[in-house]
Amino acid sequence: MNSAPKAKDSRPTESTPLVQASQKSRLTFSIKDYTKDCSPYSFFSTIFPCVIWIPQYNWKWLQSDIIAGLAVGLTVVPQGLAYAQIASLPIQYGLYSSFMGGFIYCVFGTSKDVTLGPTAIMSLLVHTYAQGDTVQAVMLTFFCGCIQFIMGAFRLGFVMRFLSLPVVSGFTSAAAITIGFGQVKHILGVKTTSNLFVAQAIETFRNIPKSNPWDIVVGLVCILLLLLLRYGKLDTSLPGTKVQRYARYLMWILGTGRNAIIVVAAAAIAYAVHTQDVTSCKVTDCITLTGDIKEGLPPFKPPAFSEVKGNSTITTGKLLANIGSGLAIVPLMGILESIAIGKAFARKESYTLHVNQEMIAIGIANIISSFVSSYTITGSFSRTAINAQSGVKTPAGGIFTGVVVLLGLAFLTPLFSYIPKAALAAVIITAVAYMVDVATVRHLWRSKKLDLLPLVTTFLVCFWQIPYGIIAGVGVSLLMLLCPLAFPKLTSNSIVPVTGDSTAKQSVIISIESSLNFPSSEKLYDYLVSSIATSEAETISTLILDFRHVSTIDFTVAQTFKELLIQLENLEIQLIIASARENVREVLRNAIQDELLFCQDIEDSLAAAV
C-alpha cells in the first residue's frame, strides 16, 4: 500500500531523462539560441549532445538501456540478415551495417528512441544503385554520409520540405510492394534474373511450376507464426495476479523477439535435418539455405574507391557514374526516413528533436560505418518502436544493441549458413506488409482529392524505376505549387455606376486573390485587358483593383502594370489600387515612376472615382 505512491511519484523523473535534459539545455541545441550563448559548454553540447544527459546517468537508466538494447538486438540480427538479401549483398553485410550506427548515434544523436541500422527501404535503394556490388555499396555509404553531414553542417534541412507527404507515401507503398513481392521467389524456391518489378513479377509467375514445396512450407509456416506472435503481444501495464503479469511479460518477450525466435528455430530444424538422411535426400537438396558466409568481425579500414574486375580496374569516377542519381536520392531518403521516425517519437515522449544535428549524426554514422563494410543505414521504425516500448532512457541503448550484433558476428556466423532463405523472406514480408500506406490515401480522398495526384504518380512510376518515381512525384507537387502562381485567382465583382444615372460612366472592380509574382504577369495582363474589352470600354471611367490579398509583388508584375497604364490612358480609363500594403505600394512606385492613385479600401476608391 505504501510503495505504490512512491513508484507513481518517481515514474515521471525516471522515464523521461532525455526530456528533462532537453528542457534544461534546449537553448544549447538551437543554432538561434547558440548565437546568444557562446560559452564553451554551449558550443561543446551543440556538437556532442551526449554531454547533456551523461552527468545525470544512473544505475536505473543503465538497467533500462540494457533491456531495451538487448530487445532491439534480438530484432536487428535477423532483420539485418534479411535486409542484406533485399540489397542483393552477402548476408553478413546486414550485420556489418547493424552495430556501428548505435555507437555513433549515442554521441551525436538528439533522440533517445531512434536506432540506426539497415532498413527495408534503404536496402531496396542500395539494391537499385549498388547492383549487388559490395565495393559500390560501401562507397555509396561513405559518400551518402558525407552529403548528409554537409547538409546538417550548413543547415540545409529545408531541402526536405520539397518531399511532400503524398510523394513519401506513394514511394513507401510502392517500395513495400516491390520489396514484399521480391521475396516471393524465395518463398517459392525459384530464381529470377530481372531487377525491374514488372519483369520480375512475370518471371516469378512463369517459374511457379518449378516451385520447391519445402521452401513453400517453411515460408508459409514462418509467416503464420510471425503474425501470431505479433498479434499475441499483451499489454504488460495491465493489472492482474503475479501469474498473469508473468504470462504477459512472456508473451511480450516472444512478440518482441519473434523474428529472432523464428529464424533461430528454422535454422535449428534445418541444421538437425541437414545432418540426417531424410528419404535418402539431404536438406540442401530440399530447403534453400543462405549458404556459407564470411566468419568473424569485419576489418576496420577505409572503403575502397576503385575495384578490380578481371584484368580491368574500375575507377572512382566510373563507380560514381554507376551510382548516378543515387548520390542525391539515397541520402535524402535516409534523412527523411530517420527524421520522420524521430519526430514521431519525440512528439509522443514530449522532447525536442533537432533536425540539423540529426543529419550530422546520421552522416557521421554512415561515414564511420563505411569503414566496417556497412551499406547505407538510417533510422528504423520497427526497431525504434521496440526501443521505446522497452523503456529506453538514453541513446546509450544503441551501444548494447551493437554489442549483441558484434557477439553474433564473432561467434554465430558459422550457424547463419543454415538459415533457410524462405525464413528470411518471411521476416521481410511480415515487416513490409504494414508499410503500405492506405490510411494516407483514405485521408486525402476525404480532405483534398487533388493531393492524390502526386501520390498516385509516385506510386505507379516507382514500379518502373524508383528514382524516376520520386522525381515524377516531386515534379507533380511543384507543378501543383506553381500553378496558383502562374494562374492567380482573379474575380470581377461588379460594374458599379459612379452616379445614380444609368447612362453615366461606370467602374469595374477586380479582386486579386493571391500574391503577384513573375509567372502570373501574362495571365494578369490578359485578364485585365479582356475584362475591359468585354465591358464596353467607352462606358468605363475607372478600373479598381482590390489588393487586399496581395502580400508581395515583384518587378516583372510591376512592369506589367506600367504597360497596362499605357493601354488605360489610350482608353481614358483611370486606374485605382485599393487596400494595397505599404511594401506593395513601394514596389509599384519605384518600378513605374508614375503617379498611381492608392486608396484605403473599395469605398474610398468609389468615392475617388466620383
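In this chain, residues are counted from 1 in sequence order. In this text the structure is predicted, and so the values were computed from the model without any measurement.
Other residues, nucleotides and ligands place more than 12 heavy atoms under 6.0 Å from the CZ atom of Phe108. Applying the 6.0 Å contact sphere to NZ of Lys449 captures more than 12 heavy atoms from other residues, nucleotides or ligands. The environment of CD in Glu582 is crowded: more than 12 heavy-atom neighbours from other residues, nucleotides or ligands sit within 6.0 Å.
Looking at Asp65, its side chain does come within 3.5 Å of a backbone N or O of Lys393 through a donor-acceptor pair. A donor-acceptor pair under 3.5 Å is formed between the side chain of Asn387 and the backbone N or O of Asp113. A donor-acceptor pair under 3.5 Å is absent between the side-chain atoms of Ser521 and the main chain of Asn517, judged by distance alone. Between the side chain of Ser169 and the backbone N or O of Leu165, no donor-acceptor pair lies under 3.5 Å.
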Self-check item: Criterion side chain to side chain contact (heavy atoms under 4.5 Å, CB included) on Leu516 and Asp554, from CA distance to verdict
Solution: CA-CA 7 Å; Leu516 298 174; Asp554 64 13; over 6 Å; no
Practice problem: Output, in order, the C-alpha distance, side-chain angles, deciding distance and verdict of ring pair (Phe, Tyr, Trp, His ring centres under 6.0 Å) for Phe518 and Tyr525. | Solution: CA-CA 11 Å; Phe518 66 91; Tyr525 182 83; over 10 Å; no
Quiz item: What do the steps show when you test Ser123 against Tyr375 for side-chain hydrogen bond (donor to acceptor under 3.5 Å, both in side chains), and what is the final call?
Solution: CA-CA 8 Å; Ser123 300; Tyr375 68 85; 2.8 Å; yes
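Atom CD in Gln79 sits 11.5 Å away from atom CG in Leu74 (nearest 0.5 Å). The distance from the OG atom of Ser579 to the CG atom of Asp601 is 5.5 Å, given to the nearest 0.5 Å.
With Phe197 as the partner, the ring pair (Phe, Tyr, Trp, His ring centres under 6.0 Å) test is satisfied by one option alone out of Phe459, Phe463, Trp464: Phe463.
Closest approach of Val474 to Val167, counting heavy atoms only: N-CG2, 4.0 Å.
Separation of the Tyr468 and Phe171 ring centroids does not fall under the 6.0 Å cut-off.
Checked by atom type, the side-chain pair Gln131/Ser88 shows no donor-acceptor distance below 3.5 Å.
Taking the ring pair (Phe, Tyr, Trp, His ring centres under 6.0 Å) definition, one finds that Phe487 meets it with nothing, sequence neighbours left out.
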